[in-house]
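The structure presented is a predicted model; accordingly, all values stated were derived computationally and were not measured.
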Amino acid sequence: MPQSLSKIYIHIIFSTKLRQPLIDKDIKDELFDYIGGICRQLECIPLRVGGQSNHIHILCLLAKKIALVKLLEDIKRSSSKWIKTKGAQYSNFGWQDGYAAFSVSPSEIEHVIKYISNQDEHHKKRTFEEECRVFFERNSMKYDERFVWD
């Protein structure tokens with residue numbers, strides 16, 4: 001095939017360092033927009049960026065010419081540097097080292113967008129750790145509790 005074609009939807013989840021509640025209401029929307037902008041610069045079309053005070057969800061279409069790890073490195077590095085310019089209260093901001101990423105079927109895109117959009121509701125019922133365990137189990141992902149939570 002002389003042409004390279006790709007359409008891979010990715011749901012990415014990662015937390016702030018030590019799951020500190022550093023994404024407050026004053027910065028939340030601007031941070032999510034900023035991260036969406038990083039995705040667009042890398043030709044990874046963001047469909048939804050959202051989260052809570054201690055973690056983030058990104059649903060995007062992965063560009064065919066970028067590795068997932070490169071996307072995550074750029075998002076974390078750029079957004080961490082950017083948020084620190086937003087005030088002294090963010091001077092210790094950082095992201096956890098790892099991440100979780102799941103492929104998403106095109107038929108499930110709307111469901112994942114709604115899920116990310118309704119984070120406030122989901123986290124009235126379960127913690128970030130409980131949420132992740134559900135994703136790991138649903139996707140048959142093996143993990144070691146000792147290394148997942150920093």
Can you tell me how far apart [atom1] ([X]) and [atom2] ([Y]) are? Round to the nearest 0.5 Å.
X      : Y      : atom1 : atom2 : value
Ile38  : Ile58  : CD1   : CD1   : 8.5 Å
Ser117 : Glu110 : OG    : CD    : 9.5 Å
Ser105 : His111 : OG    : NE2   : 11.5 Å
Ile35  : Arg40  : CD1   : CZ    : 11.5 Å
His11  : Leu59  : NE2   : CG    : 7.0 Å
Leu71  : Cys39  : CG    : SG    : 5.0 Å

Does the side chain of [Y] come within less than 4.5 Å of [X]'s, by heavy atoms?
X      : Y      : result
Ser78  : Tyr34  : yes
Val104 : Ile109 : yes
Tyr90  : Ile27  : yes

key: Aromatic Phe93 / basic Lys17 pairing, under 6.0 angstrom, 45° off normal   = no
remark   = Tightest non-hydrogen contact, residues Ile13 and Phe102, listed as CD1-CE1, 3.9 Å
Nearest non-hydrogen partners of Ser6 and Leu62, listed with the distance = OG-O, 4.5 Å
Answer yes when [X] and [Y] have at least one side-chain N-carboxylate O distance shorter than 4.0 Å, and no when they do not.
X      : Y      : result
Lys64  : Glu43  : no
Glu121 : Lys124 : yes
Lys28  : Asp120 : yes

request  = Determine whether the side chains of Gln52 and His57 contain a donor N or O and an acceptor N or O closer than 3.5 Å.
outcome  = no
query = Which of these passes side-chain hydrogen bond (donor to acceptor under 3.5 Å, both in side chains) with Trp95: Ser80, Ser15, Ser79?
reply = Ser79
ask   = Any donor and acceptor pair, going by atom type alone, linking the side chain of Lys76 with main-chain N or O of Gly98 inside 3.5 Å?
value = yes
request  = Answer yes or no: are there more than 12 heavy-atom neighbours, outside Arg126 itself, under 6.0 Å from its atom CZ?
outcome  = no
task = Applying salt bridge (Lys or Arg N to Asp or Glu O under 4.0 Å), name anything that partners Asp29, two or more places apart in sequence or on another chain.
result = none
ask   = What do the steps show when you test Val49 against Ile116 for side chain to side chain contact (heavy atoms under 4.5 Å, CB included), and what is the final call?
value = CA-CA 7 Å; Val49 178; Ile116 294 171; over 6 Å; no
